[in-house]
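Here is the structure we will look at, set down as structure tokens.
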Amino acid sequence: MDMKSVEEKWQARWEKAKFNEFDRKDEKKEKLYVLEMFSYPSGAKLHIGHWYNYGPTDSYARFKRMKGYNVFQPMGFDAFGLPAENYAIKTGVHPKDSTEKNIETMERQLKAMGAMFDWSAEVKTCEEDYYKWTQWMFLQLYKKGLAYRKEAPVNWCPSCQTVLANEQVVDNCCERCGSQVVRKNLTQWFFKITAYAEELLQDLDTLDWPEKTKTMQRNWIGKSTGCEIEFDCESGDKIRVFTTRCDTVFGVTYVVLAPEHPLARKLTTPDRAADVEAYIEYASKANEIDRLSTTREKTGVFTGSYCVNPVNGERVPVYLADYVLCSYGTGAVMAVPAHDERDFEFAKKYNLPVRKVIEKKGGETELPFCEDGIVVNSVRFDGLSGEEARAEIATYIGKIGKGGKKVNYRLRDWLVSRQRYWGAPIPVVHCPDCGAVPVPESDLPVRLPYDVEFKPDGKSPLAKHEKFMNAVCPVCGKAAQRDPDTLDTFVCSSWYYLRYADAHNDKAPFDPAAVDRLLPVDTYVGGAEHACMHLLYARFFTKALRDMGYLHFDEPFQRLVHQGVILGPDGNRMSKSKGNVVSPDEYVSAYGSDVFRLYLMFGFSYTEGGPWSDDGIKAIAKFLDRVEKTVLKIHAYGETEHRPFGAEEKALDYARNYAIQRISRDLDAFSFNTAVARLMELLNAVCKYDAKEEKNVSLLKSVAKDFILLIAPCAPHFAEELWEQTGGTGFVFEQPYPEENPAALVLDEAEYAVQVNSRMVCRATIANGLSDDEIRDFVCSIPEIQAKTDGKTVKKCIVVKGRLVNLIVG
RNA sequence: GCGGAUAUGUUGGAAUUGGCAGACAAGAUGGACUUAGAAUCCAUUGGAUAACACCGUGCAGGUUCAAAUCCUGUUAUCCGCACCA
């Protein structure tokens, strides 16, 4: 079969018939929203990862369509982002131009893939009619009190005079110029995702997602129940600390603030100022991952101040140390060196006292002892267990007005400001009198100007664009300045799945009725690397929009599947710098898109991925050749019946029905490699039967017809062509997927493995429907078994129906 | 460092979720057809052995009639860590 012309032929026919567009009028069929994560157009061409995500998932969608669902499978582009801007800095090509060009190429390639995408619902996040509504989303969140401004650090390269993404920081140095990166505070916009922490955690239980992804989100949200405690400083300031171990509060020997803590400088005594400043400077150079490392040498500095432990009135010193992070809890901890490893290490280094307040139950207590035990040296709380002490001490702290029980989350609010050009401008105007004022909805979009200067020189590109920056305050009408920052691209991708439902609406981001018809997404397929970011942000958006009344469901993605990663042939992640990038193009042009797709489905475990190798791709081409030859040969047979329906016919019919059952189950489960294997098995069975002199032609023809239908989702163009050549009318995808006949799957007998004392002895064919005792008696009569059991008594007989008999003798 | 995962023949990978390890392929070997074969078809192919016995799912233990699968410990590799998307 000439794959290229066949592909073009059917793609043209599908397009002409608008066959891939979701049928919005069909109310009878159940809708099924199958969504692949949209593409980021960074490179000009589709890479293997795109193919691997979209090809097999399209086969799933096609299968479901044949199963009677009204399938919606849209595609679009996540078109804003850093790489296009970096490319512009390097080459001078404008991000809009390079992005549009890339999208054009990718659209052409995606269409040539032959996936069932509904292009009438296409979305591109960098277009005005999309980012207008991204800005609208910002305004709604602002109105709801879910967007606010605060100071937050950015990576600053002093030599390039620019903000760097974490990705651009290599070993704490700027990837471009190599100078050391420092943390610098800027006032930036945040979304209050923490307001939904509890619900985001709870609702994970309702989702059909990979368990590991749910676990990652749970850990990311990081709920911990503990106690907040207030330590009064001699200066009159109060230090609030959060602890999960308030049972150790009598063991506090010092208190630690993060170097960025607002009180850090205030509590520093004049004689300590020089050291403290030096330390804050030092800490600003370390990144968070290093700071959290438990093996990293602990560093810190004494502020010169003291505060008071509220439970015993003891005066303890206040230190700064970078093992405490400003972004978690209150940015301050009470240090209990006897019962915390980090505090212990720090105390040893700085000669701070270590006081034991927990004793190991029935054993030597070796410090630091970080498990639960019996409380000691804690006056009236002595003798309590950890759990009891935590409850009672928290209550006591509440009673004396110094804090109390507190639930804390590791999850932080979402920083959405980016000091970049290629993104959706933040729709806010800064007025000298009125402060930060949201742009009225009627003034959206705040257009991203085209003529800007990208070269980094200390200011965001938009900040240098006077025409863009100069605005009028919507409240008082005075001259004001626009916010020069753009939104994190994750904001764009947090709601695109809603826009697909109503992609051309120019009055609203979407019509709630259209969304109700299609959402939530039934099956979402994309990389596991999004587990904690995109997949959490999108859930947050859904819940926030629900609370504003725009949505009527709680979760955007009912079922989630992660495809694995296809690595380079050397086992490393494909990257230009490693020179191990494999392009799908040459394979697609040599073998055709169906063969390439089928190879991706067969050659890897879908959720695992693995190193690329083209070893088996020829075998797939060969397989399709065999299918074509066999099916056409059978089609050409005359209608005469040569053979009645006997045992061999029954075996072929069993093979067909077994294949139908397994393939359906495997496709549902995204187990594509086994589904293809079952197709191969069925072909082998057909060829075996076809090799006979006499055959039952009508059975053979009906199996061949089913074969075309069975393979259709996995090799769509190929199947359409065979369907037509064998006299089928309409599209093969208008046919229902074969259903198995349960009667054909019932066999009269089954082959059992027979074991004696758990050792395999022989196989035996045993009729179905026998009782366990009858099976035992039958097995005991087998000569090989008798030889093993001779002179011994059968103490136990384990029968696993249809599979195995195990005789325990002795 | 923290969090998550993975480990099965020469290779990609199966294994009904505790029940015959290696389905289906690739590769290799041998054969058939052929002037020829990177085509097609057939056979063999976990290790070891003359053959059995036996050994075999990263490594060390454990639970069980039965473990790739469950438990404990351990090693190696991969992914994420909040401004790549």
Side-chain angles (χ1 to χ4, degrees), chain A residues 37-40 42 78 80-83 86 152-155 163-169 188 193 210-213 215-220 222 287-296 327 410-420 488-490 492-493 526-534 536-537 564-565 567 571-573 602-605 607-611 613-620 622-623 625-626 662 665 671 673-681 684 751-763 795-808:
Chain A
M37 288 181 183
F38 60 175
S39 306
Y40 179 72
S42 67
D78 189 13
F80 276 136
L82 178 71
N86 283 341
V154 294
N155 299 311
V163 174
L164 299 178
N166 284 347
E167 193 192 43
Q168 299 173 296
V169 180
Q188 309 189 68
I193 190 171
E211 222 27 70
K212 63 165 184 172
T213 310
T215 305
M216 279 195 254
Q217 285 210 354
R218 283 189 193 105
N219 289 333
W220 187 260
N287 67 52
E288 283 199 5
I289 292 177
D290 289 346
R291 282 175 58 172
L292 278 168
S293 167
T294 46
T295 52
R296 181 168 178 262
S327 52
R410 204 181 69 101
L411 181 69
R412 317 207 287 245
D413 277 338
W414 173 14
L415 195 169
V416 296
S417 295
R418 296 292 181 271
Q419 294 70 43
R420 302 257 160 68
D488 179 5
T489 53
F490 277 126
C492 310
S493 58
E529 66 275 18
H530 292 95
C532 298
M533 319 262 305
H534 163 61
L536 199 61
Y537 296 146
V565 180
L567 306 168
N572 292 306
R573 201 167 258 271
F602 182 63
F604 305 85
S605 164
T607 51
E608 296 295 317
S613 144
D614 57 11
D615 274 357
I617 196 161
K618 270 197 199 125
I620 293 292
K622 206 166 87 180
F623 167 63
D625 277 347
R626 275 180 71 209
R662 290 295 302 264
R665 205 178 68 195
S671 178
N673 53 349
T674 52
V676 177
R678 301 288 91 87
L679 283 169
M680 290 172 167
E681 279 170 354
N684 291 343
E751 193 181 57
Y752 280 68
V754 186
Q755 302 179 329
V756 174
N757 287 341
S758 309
R759 291 260 174 199
M760 258 290 287
V761 177
C762 64
R763 289 162 220 275
K795 289 198 278 195
K796 200 173 170 186
C797 175
I798 294 142
V799 176
V800 182
K801 277 276 155 60
R803 303 197 62 80
L804 165 140
V805 182
N806 189 4
L807 292 171
I808 309 304

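Just so we're on the same page: letters track the sequence lines, and every chain starts at 1. FYI, side chains are in, hydrogens and waters are out, and symmetry mates aren't considered; it's all heavy atoms of this structure.
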### Query
Taking the C1' atom of each, how far is B/G19 from B/U10, in whole Å?
29 Å

### Task
Report yes or no: do A/N806 and A/R759 form a side-chain donor-acceptor pair below 3.5 Å?
no

## Note on the structure
In this structure, NE2 of A/H530 is separated from OG1 of A/T213 (nearest 0.5 Å) by 12.5 Å

### Message
I want to verify the glycosidic state of B/G9; is it syn or anti under the 90° rule?
### Response
syn

## Note on the structure
Mate of B/A66 across any strand shown (Watson-Crick or G-U wobble, both atom pairs under 3.5 Å) is none

#### Entry: Base B/C65 to side chain A/N806, donor-acceptor N/O within 3.5 Å cut-off
yes

### Task
Scan A/E529 against the nucleic acid and name what it touches under 4.0 Å (heavy atoms): base, sugar-phosphate only, or nothing.
base

### Nearest to side-chain heavy atoms of A/W220, which nucleotide of B/C83, B/C81, B/C41
B/C81

### Task
Taking atom C1' in both B/U40 and B/G22, compute the distance separating them and give it to the nearest angstrom.
28 Å

### Summary
Considering only heavy side-chain atoms of A/N166, the closest of B/C83, B/A23, B/A85 is B/C83

### Task
For the pair A/W414 and A/Y537, name the ring-plane relationship: parallel under 30°, tilted 30 to 60°, perpendicular over 60°.
parallel

### Message
Work out how far the P atom of B/C65 is from that of B/G3, and round it to whole angstrom.
### Response
36 Å

### Query
Across all strands shown, which nucleotide pairs with B/A7 by Watson-Crick or G-U wobble geometry, both distances under 3.5 Å?
B/U75

### Query
Which is true for A/E211 with a 4.0 Å heavy-atom rule: it touches a base, it touches only sugar-phosphate, or it touches nothing?
nothing

### Side chain of A/R418 - closest among B/C65, B/A23, B/C83
B/C83

### Query
Which part of the nucleic acid does A/F602 contact within heavy-atom distance under 4.0 Å: base, sugar-phosphate only, or nothing?
base

### Partner nucleotide, any strand, of B/U40 [Watson-Crick/G-U, under 3.5 Å]
B/A32

#### Entry: Flag, side chain of A/Q188 to backbone of A/A152, donor-acceptor distance under 3.5 Å
yes

#### Entry: Heavy-atom pair of closest approach, residues A/S605 and A/N673
CA-ND2, 3.8 Å

### Task
Check every strand shown and say whether A/S327 touches a base, only sugar-phosphate, or nothing at a heavy-atom separation below 4.0 Å.
nothing

### Query
Under the side chain to side chain donor-acceptor pair (under 3.5 Å) criterion, do A/R420 and A/N86 qualify, and how do the steps go?
CA-CA 10 Å; A/R420 302 257 160 68; A/N86 283 341; over 6 Å; no

### Task
Just name whichever nucleotide pairs with B/C2, Watson-Crick or G-U, keeping both distances under 3.5 Å, else none.
B/G80

### Query
Looking at B/C83, does its base get a donor-acceptor pair with the side chain of A/R420 below 3.5 Å?
yes

### Message
What's the closest nucleotide to the side chain of A/L82 if the choices are B/C84, B/A14, B/C83?
### Response
B/C84

### Task
Look at the side chain of A/N684 and decide which nucleotide, out of B/A23, B/A25, B/C65, has an atom nearest to it.
B/A25

## Note on the structure
Rounded to the nearest 0.5 Å, the CD atom of A/Q419 sits from the CG atom of A/N155 at a distance of 10.5 Å

### Task
May I ask you to verify if any side-chain N or O of A/S613 is less than 4.0 angstrom from the OP1 or OP2 atom of B/U11?
no

### Query
Across all strands shown, which nucleotide pairs with B/G27 by Watson-Crick or G-U wobble geometry, both distances under 3.5 Å?
B/U45

### Shortest side-chain distance from A/K622, nucleotide among B/A14, B/G4, B/A26
B/A26

#### Entry: Whole-angstrom distance between B/G31 and B/G37, as gauged at atom C1'
15 Å

### Message
Does A/Q419 contact B/C83 through a side-chain donor or acceptor facing the base, at a distance under 3.5 Å?
### Response
yes

### Task
Give A/Q168 one of three labels, base, sugar-phosphate or nothing, depending on what nucleic acid heavy atoms sit under 4.0 Å from its own.
nothing

### Task
Using the P atom on both, measure B/A66 against B/G13 and round to a whole Å.
32 Å

### Message
Can you check the distance between B/C84 and B/G73, where both ends of the measurement are the P atom (answer in whole Å)?
### Response
35 Å

### Message
Among B/C84, B/A85, B/A25, which nucleotide has an atom closest to any side-chain atom of A/A619?
### Response
B/A25

### Query
Taking the P atom of each, how far is B/U63 from B/A68, in whole Å?
16 Å

### Minimum-distance nucleotide (side-chain atoms of A/P83 versus B/C84, B/C41, B/G19)
B/C84

### Message
Please give me the minimum heavy-atom distance between A/P83 and A/Y40, naming the atom from each residue.
### Response
CD-OH, 3.0 Å

### Task
Select base, sugar-phosphate, or nothing to describe what A/A531 touches, counting heavy atoms under 4.0 Å on all strands.
nothing

### Task
Tell me whether the OP1 or OP2 atom of B/A85 has a side-chain N or O from A/T489 closer than 4.0 Å.
yes

## Note on the structure
When rounded to whole Å, the CE to P distance for the pair A/M760 and B/A53 reads 11 Å

### Task
Give the nucleotide from the list B/G19, B/C41, B/G4 with an atom nearest to the side chain of A/M216.
B/G4

### Task
Using a heavy-atom cut-off of under 4.0 Å over every strand shown, decide if A/L807 touches base, sugar-phosphate, or nothing.
nothing

#### Entry: Closest listed nucleotide, where the reference is the side chain of A/R759 and the choices are B/A85, B/A14, B/C55
B/C55

### Task
Measure the distance from CZ on A/F490 to C1' on B/A85 and round it to the nearest whole Å.
5 Å

### Query
Distance between the P atoms of B/U57 and B/A67, in whole angstroms?
11 Å

### Message
Just to be sure I understand the rule, does A/I808 reach a base, reach only the sugar-phosphate, or reach nothing, if contact means heavy atoms closer than 4.0 Å?
### Response
sugar-phosphate

